**Q** 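Here you go, one structure.
If you're wondering where the values come from, they're calculated on a predicted model, not measured in any experiment. Counting starts at 1 for both ligands and their atoms, following the listed order. Count residues from 1 along the sequence.
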Amino acid sequence: MGIPLRQAARIGQYVLTQKLRGREKFPLLMELEPLFACNLTCVGCGKIQHPASILKQRMPVERAVAAVEECGAPMVSIAGGEPLMHPEIDTMVAELVKRKRFVFLCTNALLMPKKLDLFTPSPYLAFTVHIDGLRERHDASVSKEGVFDAAVAAVREAQQRGFRVTTNTTFFTTDTPQTVIEVLDYLNDDLHVDEMMISPAYAYEKAPDQDHFLGVSQTRELFRKAFADGRRRRWRLNHSPLFLDFLEGKVDFPCTAWAIPSYSLFGWQRPCYLMSDGYTATYQELVDTTDWERYGRGRDPRCANCMAHCGYEPTAVMATMSSLRESIRAVRRA
Ligand code: SF4
Ligand code: SF4
């Protein structure tokens, strides 16, 4: 199953409406982080190093919903931390689904067996399970044995209950084209998840492991080799063809981080969820008071190795929608 037709049509209509209204900067997907606490301690994580006083905070549902409404993004990715540790995560999701937002509930899956009963399958809801590799690689990535098997069991249980399940896989310098192929083949052909997202790891300043983040040329080579021989077309990747071209180094884009803004306990994060140059109270204030020209590869040294979807997928989506040829490619997943 690809991107559901309902979702593709809604996003297309939303982008068209924003353009007709003359809005130059608008959100496509909002990253919502209602807590930073997690039940794992992954070495590449840039979120769990906050002090205990921050880690114990939980964003009230009303505040999260108000931020989603103010921003207006049609898609919301709820991350953290581990969102299933939020005591009102079910209410938060239900309120967003009621407002017809497409919700991606990102999770390491450990709490899914306990919490699945709290949710109802909906075309507006997908569980997005973090799986960084096959058993050995994933367990090493999350620094705990048994997590891969637990995640696979949770995915199967959710699928049986009729939930849409996608995955999110981050790649490091320890990956090779072969490990990329192995995990994506497994998710695509054995686990049959609805869609897969992939990302080169971003070098968070706070991440404990600073040695294994990919540079731009390494990223391009890794994906070019992994995507070869028709695999890219065969895999149900939840990315536009132009973003996949970008990962392979066939095209380059400027960063448009304003289209995937991040809202956390601290407010709207400037300029994106990977870097924090301050916070604002509203999305509009974020758009109006950020000097966007300062950010992106070649402009800010902290962006030098970034090829993350929060900066570059929106640029690829906008480029797709302004070209008939690229729109047809996207429909055909070419
Ligand atoms: S599961 Fe996610 S939030 Fe938790 S430690 Fe790992 S990367 Fe960080
Ligand atoms: S390139 Fe864009 S998305 Fe990446 S870190 Fe810089 S501002 Fe953030």
**Q** Would you please say whether a donor-acceptor pair under 3.5 Å links the side chains of Ser199 and Thr170?
**A** no
**Q** Looking only at protein heavy atoms, which one is nearest to atom 5 (S) of ligand 2, and what is the separation?
**A** Met275 SD, 3.5 Å
**Q** Is there side-chain contact between Pro200 and Leu247, with at least one heavy-atom pair below 4.5 Å?
**A** yes
**Q** Could you tell me, atom by atom, which parts of ligand 1 come under 4.0 Å of a heavy atom of Gly81?
**A** 3 (S)
**Q** Work out which heavy atom in Ala319 is nearest to a heavy atom in Leu242; give both atom names and the distance.
**A** CB-CD1, 3.7 Å
**Q** Hey, what do you get for CZ (Phe243) to CG (Asn238), rounding to the nearest 0.5 Å?
**A** 11.0 Å
**Q** Ignoring hydrogens, what is the shortest heavy-atom contact between Ile48 and Phe36? Give both atom names and the distance.
**A** CG2-O, 3.6 Å
**Q** Taking a cutoff of less than 4.0 Å between a non-hydrogen atom of the residue and any ligand atom, is Leu40 in contact with ligand 1?
**A** yes
**Q** Which residue and non-hydrogen atom of the protein lie closest to atom 8 (Fe) of ligand 1, and at what distance in Å?
**A** Cys45 SG, 2.3 Å
**Q** Out of the candidates Arg236, Arg164, His239, only one should pair with Glu195 under the side-chain hydrogen bond (donor to acceptor under 3.5 Å, both in side chains) rule; please name it.
**A** Arg164
**Q** Tell me, which protein residue and heavy-atom name are nearest atom 6 (Fe) of ligand 1, and how many Å apart are they?
**A** Cys42 SG, 2.3 Å
**Q** Is the ring pair Phe148/Tyr186 parallel, tilted or perpendicular, if the boundaries are 30 and 60 degrees?
**A** tilted
**Q** Aromatic rings His138 and His130: how do their planes relate, parallel, tilted or perpendicular, breaks at 30° and 60°?
**A** perpendicular
**Q** Within less than 4.0 angstrom of ligand 2, does Tyr273 place any heavy atom?
**A** no
**Q** Could you find the nearest protein heavy atom to atom 4 (Fe) of ligand 1 and give me its residue, atom name and distance?
**A** Cys38 SG, 2.2 Å
**Q** If you count the atoms of ligand 2 from 1 in the order shown, which ones are under 4.0 Å from a heavy atom of Cys272?
**A** 3 (S), 5 (S), 7 (S), 8 (Fe)
**Q** I need the atoms of ligand 1 closer than 4.0 Å to a non-hydrogen atom of Asn108, numbered in the order shown.
**A** 1 (S)
**Q** So, Arg63 versus Tyr263: side-chain donor-acceptor pair below 3.5 Å or not?
**A** yes
**Q** Can you tell me the protein heavy atom closest to atom 3 (S) of ligand 2 and the distance?
**A** Gly311 CA, 3.5 Å
**Q** Within a distance under 4.0 Å of any heavy atom of His130, pick out the atoms of ligand 1 and give their elements.
**A** 1 (S)
**Q** Phe223 ring centre to Arg232 NZ or CZ under 6.0 Å, with the angle to the axis within 45°?
**A** no
**Q** With a cutoff of 4.0 Å, is Cys310 in contact with ligand 2, counting heavy atoms of the residue only?
**A** yes
**Q** In terms of atom number and element, which parts of ligand 2 are under 4.0 angstrom from non-hydrogen atoms of Gly296?
**A** 1 (S)
**Q** Checking only N/O/S atoms, does Cys255 have one that is under 2.8 Å from atom 4 (Fe) of ligand 2?
**A** no
**Q** Enumerate the atoms of ligand 2 whose separation from the nearest heavy atom of Pro271 is less than 4.0 angstrom.
**A** 7 (S)
**Q** For atom 1 (S) of ligand 2, which of the options Trp258, Tyr295, Tyr312 provides the nearest non-hydrogen atom?
**A** Tyr312
